[in-house]
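Shown next, in structure tokens, is the structure this report addresses.
Values below: all heavy atoms of this structure, side chains included; hydrogens, waters and symmetry mates excluded. Counting begins at 1 with the first residue of the sequence.
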Amino acid sequence: MGTKNAEEAQKLIELQVLLRGIGADIDRAFSSGFEDQFQERAKTSNVGDSFYESENGFFPELSLVDETEIDETLAVKNLATRLERACEAENQDLQTRVAFMLGESDIDNATNPIGPTAICEALKNICWSQEGSGGLRATALELLIGRLAGELSTVYHDVNALLVARRVMPNVRPRARRGKASQRMAVRKSATLPGDPDPADVVKQIFTARTAAAERADWRQRAGTVDLMQLLDGLQQGRGDLQFGGQSFALPADGQTSGNVISALIEAGLSKQASSVDGIVIDVVATLFDYIFDDSRVPDAMKGLIGRLQIPVLKLAMMDHGFFSNRTHPARRLINSLAQASVTWDGPLSEDSSLYRIAEGIVVRIQNQFADDPSVFASCLQELENYLAEQERYADARAATLTERLKERERVDLARQVGEDALAAHLANEDVPAVVRDFIRDTWTRVLAHAALESGATTAPPANSERWTNAIAAVGELVWSVLPKQSMEERQRMVKQLPAILRNLKASMTGAGIDEARQKAFFSELVRCHAAALKAPVATAPAPVPPAPNAPARPTGPLPGLQPIGEEPTPEMLELDLLTRGSWVELRDESGEVRRVRLTWISPARTMYLFANRQGQRALALTRAELTRRFSNGEASTADQEPLLDRVVDDVLDELRG
């Protein structure tokens, strides 16, 4: 016993020495080693050559791998799996974004340049660079990974947040924890008896639309299915201690409101007592609900209601395998609509919410009425869709009270933009005194906007507007009048034309509704500008020819419009252009609270967007510029509208295929 203790003490001392050696330079060593792992994976992620291909077209030389190398590889793989489980949700989102940046449709942990495997390999190389036995180095590596496991989810969360801020796939599709489908299928395969169908073949059949009709007609002929249905009927009605296959089954006391009750029945032995086909259906439906309960987007209150449909959905899936393959199946559409309505509910979903009350009534109706006639799902779906459609009509009607005001605001904004574009050249002329440029920017833009609105032209200069023509000519005369007069001829011409210039200015300002006080203030400043123009030193160069009093100025600067010609569309602009009436958008305020609103109206020129929440209690109007800004900085994003059950079925299929 003493010898054993002495050996353990010696190993502990050696481990401490090893850890000190690792810690002395771990920051630099990890930085260098991790960069090597990153470069190796980022460089090879797109390589698709077969292992059996070589430059000369023959098989490469193969050799046996050393057992020590196998042990090291397994150790890294096991520890990487441990890290992955500690940060699964954050790692899945990050992996999707990294694949996007690498130009890949998907990558796994082995090829993720910043994944758990790359981290483990870098740490393993640090440990193995130290003197010591393989066992001690493995222990050191395990200690490092154990310390890191608690921190990596935070690191990955921060990296995801950074990538979202940089607009790298801000809307990553939510994915549930994987593994349950493959685990159940592995157990199913291990229990398959000779003569039973291959579970993989059965899964393929139930997810294939071509077999759905035949399976629906044959469910009563499957051995034991009728008895199994009687058991499920009793469970659905709340009866306990029911017999099937000589074994008792019952739901947990709270099984109708929380947790995966089908999984509990599987653990009690239900799928073992059922036929091969029915047992596989039970396993798959249990996995579907696992994925639903893992979806962070669906509020807990709605998960509880959908969870109460587990037994009815299981019965339906056993009767009609089209449930798995048909995206338009009424039961699938019902679950999708319940989930989507709750995801887009603005604010917390509580038992007092109208949506919750409607959904609860539907769930209770299915629990009470569904035996073997699936039409109850269709009628309940219609009831829910009628409620949601009425909600949207109510929200649209309340929001519509704002549209006339918003249309008028858009017309004013567009007319002002036309005026600003027409004045761009004058505003860019730095020889014009600042006080005159300010007047042109503030007051004369209003004059031109008023002329454009009066003529009905809000996207381009009016073609036949006398008021517009006079205003353009007047501002041209104004600019000429304040520029330095460097010849006697110019000065004489200015003195002669000045009364007409002032009359034209005053007439345009009065016609646009500019008040007398503002006019007088500007004319006082204008006197000083004219005096300065006349005091300019006389030059020998020929003087510029002034514009004719009523001649329209030649168009200068960018053509009128909402954005300059040739401006490259940004991702945010493209995202806005894809929005249509009915699109859902998530808006985040400074506190991080998310509001889910539906686009109810877009102005004719797409410069104004009107949103309302599902309840029709709030309306929000945003300009295109403001909405673009919010999309750019992450305060707004389009809501994921992929149906919940469609996404879940796809995820389960992906896992089973993998």
Side-chain angles (χ1 to χ4, degrees), residues 10-49 51 60-88 90-99 101-102 104 106-160 162-163:
Q10 181 62 32
K11 287 182 179 179
L12 182 58
I13 293 172
E14 292 176 1
L15 179 60
Q16 290 174 336
V17 172
L18 180 64
L19 291 173
R20 288 195 190 99
I22 292 171
D25 195 33
I26 192 169
D27 288 342
R28 183 204 61 79
F30 181 77
S31 177
S32 174
F34 184 65
E35 183 176 354
D36 291 342
Q37 295 294 327
F38 178 91
Q39 294 296 341
E40 179 181 346
R41 286 166 171 78
K43 180 172 60 179
T44 60
S45 64
N46 286 310
V47 176
D49 295 338
F51 175 77
E61 183 178 353
L62 303 178
S63 60
L64 294 177
V65 180
D66 184 80
E67 289 185 4
T68 303
E69 185 176 343
I70 293 176
D71 291 341
E72 294 174 2
T73 302
L74 289 175
V76 170
K77 183 177 180 180
N78 291 336
L79 291 173
T81 300
R82 177 179 172 186
L83 272 185
E84 179 192 351
R85 289 173 179 167
C87 57
E88 184 172 5
E90 295 83 1
N91 182 44
Q92 283 184 350
D93 288 354
L94 182 58
Q95 202 163 279
T96 302
R97 294 189 171 98
V98 171
M101 291 189 291
L102 292 175
E104 295 279 1
D106 196 13
I107 56 175
D108 56 22
N109 276 315
T111 55
N112 185 356
I114 56 177
T117 301
I119 293 173
C120 286
E121 285 284 359
L123 291 175
K124 174 238 175 184
N125 291 338
I126 294 174
C127 294
W128 262 247
S129 67
Q130 302 294 315
E131 293 292 334
S133 67
L136 285 178
R137 291 184 296 192
T139 301
L141 176 60
E142 189 171 356
L143 290 173
L144 290 174
I145 297 300
R147 180 66 180 272
L148 183 61
E151 307 291 337
L152 193 57
S153 62
T154 302
V155 173
Y156 280 175
H157 176 274
D158 293 344
V159 175
N160 274 308
L162 177 64
L163 293 177

Measuring from atom [atom1] of [X] to atom [atom2] of [Y], what distance do you get when rounded to the nearest 0.5 angstrom?
X: Leu141; Y: Asn125; atom1: CG; atom2: CG; answer: 9.5 Å
X: Leu79; Y: Glu121; atom1: CG; atom2: CD; answer: 10.5 Å
X: Ile145; Y: Leu123; atom1: CD1; atom2: CG; answer: 5.0 Å
X: Lys11; Y: Thr139; atom1: NZ; atom2: OG1; answer: 8.5 Å
X: Ile114; Y: Arg41; atom1: CD1; atom2: CZ; answer: 11.5 Å

Q | Parallel, tilted or perpendicular, as decided by the 30° and 60° cut-offs, for the rings of Phe34 and Phe30 | A | parallel
Can you list everything that forms a side-chain contact (heavy atoms from CB on, under 4.5 Å) with [X]? Sequence neighbours excluded, please.
X: Ala140; answer: Leu15, Leu18, Leu19, Ile22, Cys127
X: Gln16; answer: Leu12, Arg20
X: Glu35; answer: Gln39
X: Ser153; answer: Cys87, Glu90

Q: Apply side-chain hydrogen bond (donor to acceptor under 3.5 Å, both in side chains) to Arg28 and list each qualifying residue two or more places apart in sequence or on a separate chain.
A: Asp25
**Q.** Counterpart residues, side-chain hydrogen bond (donor to acceptor under 3.5 Å, both in side chains), relative to Glu14 (two or more places apart)
**A.**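 side-chain hydrogen bond (donor to acceptor under 3.5 Å, both in side chains) list for Glu14, sorted by chain: Gln10.
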Q: Give me the one residue out of Leu144, Val155, Leu152 that meets side chain to side chain contact (heavy atoms under 4.5 Å, CB included) with Ile119.
A: Leu152
Q) What are the two closest non-hydrogen atoms of Gly33 and Ala122, and how far apart are they? A)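 That closest heavy-atom pairing would be C-CB, 3.9 Å.
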